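One structure is given below, encoded as structure tokens.
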Amino acid sequence: MLDIHLIRENADIVKAGAAKKHIEVDIDRLIKVDDERKLLRQELDAKRAEQNRRSSEIQRASGSEREKLIEAMQHLKAGMAEGEERLKKVMAEWQQLMLTVPNIPDMSVPDGDSDADNVEVKKWGEPTVFDFTPKDHVELMTALGMADFERGAKVAGFRGYFLKGDGVLLANAVWQLALKHFSAKQLVPLSVPSLVRRETFLGTGYLPQGEEDLYKTQDGEYLAGTAEVAAMGYYMDEVLDPQALPVQFLGFSPCFRREAGAHGKDVRGLIRVHEFFKWEQVVLCRAEHDESVRLHDWLNRNTEEFIELLNIPYHTVVNCGGDLGLGQVKKYDIELWVPGEKTYREISSASYFHDFQTRRLNIRYRDAEGNMRFPHSLNSTAIPTPRILVSIVENYQQADGTIKVPDALVPYVGKSVIGAAA
RNA sequence: GGAUGGUUGGCCGAGAGGUCUAAGGCAGUUGACUUGAAAUCAACCGUACCGCAAGGUACCGCAGGUUCGAAUCCUGCACCAUCCGCCA
């Protein structure tokens, strides 16, 4: 959510920002509704002032004078009911519109419609070269008993999978290395709920517009697609000690995604699944743009470093306007080389939001001047499994069908090659 | 699933239909005292909206209702605590 004052004073910038994100929103309508809101408020406030004044007169009066005053009040009250009804309607539309106003993308965000228009800002390593024909991860992992997709689909349906044997070992090894690497950055590990109430999704900006992407329980909770939701909800409705900023969480959770808009995409393997696990970096910091920018780069760099530990070729892109979510000001994606597809595939997303989320979540702190402020929020993937396994097994496969374990993972896997004859 | 008790400002906590500006304490800010600090004393000190301002309005978990008037009474819901039942 943006500040209504900011929207009113910078309507053109807000409109341009929405256009850049390809998000439709009627700012003129919002301002008109806000005018109505102000007017009705003023009228109603005046009537309430009158009511309060007369109420104390009644208190002091007695006898027939009191009866008369009470009767007069009843008339006044009747006149107020209509105003209150109108204000309620106006407020409902006002709130609905406010929730749909996107945050303004940064100047440095490139124009574009979709992820095809994202711009590479960094490239690390070269696409892996093989002196044999490389296999894709489905073939490799199935052959090595690391995953079972047929039975996954039998048991769980479309996009179902089992990890098995060394597949589980490898996934666990990634989690453990991630815990070590990211904790060392002073991020506090946090195991978070995935089953989360609606207001937390509204607060993080996934709702109201993302309803169809979420699984919902018969009790009304939603299954989160990222630990960001619960980690951000952690301080909802609280006033933070400014000394505690920046708050730096390393959240871990199962993640559930309906992938409602992606029915035909990535139907094979571990790239796009309905449930997976993810370590996620979540940060709250002082309400200063420079601080957001600094931490954004830092979060993204943390993940780049982790990929470098695994020694997998990657590049980093800055997402174009059309590929930004409602609340995001700017986003980097890290994409890993996937030999089976001869392309880079997203493994990580690092975004900052300014106070868009904290305003919705009502998270505040008192600054040095004693004023209440909404802190800035940021988040970035640390590492997801099993998607990361795709790039590991495909880049590290050997001619004989075995998979070399990345050096950094060897201590956690307990061997240096998967599939070698014992 | 059943029962009971709760939810009040940054925090704790009183308040039980009308002294209107929600007692009091803690924390915080400023000042006095002090070489400095602590202690003590004094003053100030909630958030949001509207308004150029004076000022006004709203907010006591949320939403309704009763009333001339609701933190206070009624209804529904959410959450917290404890107990019982069930159960990894």
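Here is how names work: the chains are called A, B, and so on, in the same order as the sequence lines, proteins then strands, and each is numbered from 1. All of these numbers come straight from a predicted model, not from anything done at the bench.
Atom-to-atom, CZ of A:Arg8 to C1' of B:C49 comes out at 13 Å; the value is rounded to the nearest Å. One atom, CD of A:Glu36, and another, P of B:C49, lie 20 Å apart when rounded to the nearest Å. Separating the CZ atom of A:Arg48 from the P atom of B:G56 is a distance of 16 Å, rounded to the nearest angstrom. For the pair A:Asp241 CG and B:C26 C1', the computed distance is 16 Å after rounding to whole Å.
Nearest-nucleotide assignment on RNA chain B puts the 5′-proximal partner with A:Gln42, out of A:Gln42 and A:Ala49. When the nearest nucleotides of RNA chain B are assigned to A:Arg53 and A:Arg364 by heavy-atom distance, the more 5′-ward of the two goes with A:Arg364.
Using the Watson-Crick or G-U wobble rule with both distances under 3.5 Å, B:A37 pairs with nothing in any strand shown. Applying the Watson-Crick and G-U wobble criteria (two distances, each under 3.5 Å), B:U57 pairs with B:A48. If you check B:A88 for Watson-Crick or wobble pairing at under 3.5 angstrom, you find it has no partner at all. Applying the Watson-Crick and G-U wobble criteria (two distances, each under 3.5 Å), B:G64 pairs with B:C74. Here B:A27 sits opposite no nucleotide as a Watson-Crick or G-U wobble pair (both hydrogen-bonding atom distances under 3.5 Å). Judged by Watson-Crick or G-U wobble contacts below 3.5 Å, the nucleotide B:G17 has no partner. Across all strands shown, B:U4 forms a Watson-Crick or G-U wobble pair, both distances under 3.5 Å, with B:A81.
Nucleotides B:G65 and B:C50 are separated by 28 Å at their C1' atoms, to the nearest Å.
Across all strands, A:Glu71 comes closer than 4.0 Å to no nucleic acid atom at all (heavy-atom distances). Counting any heavy atom pair closer than 4.0 Å across all strands shown, A:Lys47 reaches no nucleic acid atom.
A:Thr381 and A:Glu346 share no side-chain donor-acceptor pair at under 3.5 Å.
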Give the C-alpha distance, both sets of side-chain angles, the deciding distance and a yes or no for side chain to side chain contact (heavy atoms under 4.5 Å, CB included) between A:Val174 and A:Asn172.
CA-CA 5 Å; A:Val174 171; A:Asn172 256 290; over 6 Å; no

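In this structure, A:Lys164 places its NZ atom where only 12 or fewer heavy-atom neighbours from other residues, nucleotides or ligands lie under 6.0 Å away.
Put simply, the side chain of A:Glu211 reaches to within 4.5 Å of the side chain of A:Tyr222, judged on heavy atoms.
Of all heavy-atom pairs spanning A:Leu214 and A:Arg258, the tightest one is O-CD, 3.2 Å.
Of the candidate nucleotides B:U47, B:C79, B:C68, B:U47 has the atom nearest to the side chain of A:Met372.
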